[in-house]
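Data block below; observations after.
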Amino acid sequence: MPEIMAQTLRRLHCYILPRSNWQVVFEGGTTVSHPTYALLSAVIERYPHVAGATFQTYNDLLLAQQWSEMEVVDLPQCGRCGFRGRRPENQNTPTIVVPCLLTETITMDWLKSTFSDLDNPGEVFLAICAEDSSIVYYKMSMGINKPPV
């Protein structure tokens, strides 16, 4: 069995089994007992290699950042799911977030398939999850876009 790393996910203590068996197990219970597990169980089972990043990103967006109208979007070409929801500061436009691990290699082809799976939206945020449970969000767009001044 691989070495278990202790991770802190906001106020929850969980363990993530690294690399080959990404699965999230909570102290005093299992993922099945967490309120958000029911919504994520199908994609966690379908894409176990990014289960930790999927679970961590969803809970960060929903519970910590208070996003609304969250929905899971399947991205088969990318081998994972993404999330579409509305940020509290911008309720008019839905935002798309794709979770990934800091240890993953992201290529231009992977990014193109992400945009393709999502029918080429204007922008996509990558939620890059580290082993210490921190998440960095990177805004990605096709081509070169001038930043707002």
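Please read these numbers as outputs of a predicted model, since none were measured by experiment.
- For the residue pair Val50 and Gly79, the shortest heavy atom distance occurs at CG2-O, 4.2 Å.
- Side chain to side chain, Asp109 and Thr107 fail the donor-acceptor criterion of an N or O pair below 3.5 Å.
- By the criterion of side-chain heavy atoms lying less than 4.5 angstrom apart, applied directly or through intervening Ile, Leu, Val, Met, Phe, Trp or Tyr residues, Leu61 is not grouped with Tyr138; the two fall into different hydrophobic clusters.
- Side chains of Asp74 and Arg46 form a contact here, defined as non-hydrogen atoms less than 4.5 Å apart.
- With rounding to the nearest 0.5 angstrom, the CG atom of Leu75 is 5.0 Å from the CG atom of Leu118.
- Under the 4.5 Å side-chain heavy-atom criterion for Ile, Leu, Val, Met, Phe, Trp and Tyr, Leu39 and Val73 are members of distinct hydrophobic clusters.
- In the hydrophobic cluster analysis, where Ile, Leu, Val, Met, Phe, Trp and Tyr join through side-chain heavy atoms closer than 4.5 angstrom, Val136 is grouped together with Trp110.
- Between the side chain of Gln56 and the main chain of Ser133, a donor-acceptor pair closer than 3.5 Å is present.
- The CD atom of Gln65 sits 8.0 Å away from the CD atom of Glu89 when rounded to the nearest 0.5 Å.
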**OP:** Walk me through it: do Phe83 and Val72 pass the test side chain to side chain contact (heavy atoms under 4.5 Å, CB included)?
**Re:** CA-CA 5 Å; Phe83 305 110; Val72 178; 4.0 Å; yes

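- Residues Ala53 and Pro99 approach most closely at O-CB, 3.6 Å, considering heavy atoms.
- Here Leu111 contributes atom CG and Met140 contributes atom CE; the two are 4.5 Å apart, rounded to the nearest 0.5 Å.
- A salt bridge (charged side-chain N to carboxylate O under 4.0 Å, His left out) with Glu69 is found for exactly one of Arg87, Arg86, Arg84, namely Arg86.
- Counting heavy atoms from C-beta on, the side chains of Phe55 and Thr36 come closer than 4.5 Å.
- Heavy atoms only, all atoms of each residue included: Ile135 and Cys129 are closest at CG1-SG, 4.0 Å.
- For the residue pair Trp67 and Pro88, the shortest heavy atom distance occurs at CD1-CD, 3.8 Å.
- There is a path of hydrophobic side-chain contacts, each under 4.5 Å, that joins Ile96 to Ile106.
- Taking every heavy atom of both residues into account, Gln91 and Ser68 meet most closely at OE1-OG, 3.2 Å.
- Partner of Tyr137 under the side chain to side chain contact (heavy atoms under 4.5 Å, CB included) criterion, out of Leu126, Thr95, Thr57: Thr57 alone.
- Under the 4.5 Å side-chain heavy-atom criterion for ILVMFWY residues, a single connected hydrophobic cluster contains both Val43 and Leu63.
- When all heavy atoms of Asp117 and Pro76 are compared, the pair lying nearest together is OD2-N, 3.5 Å.
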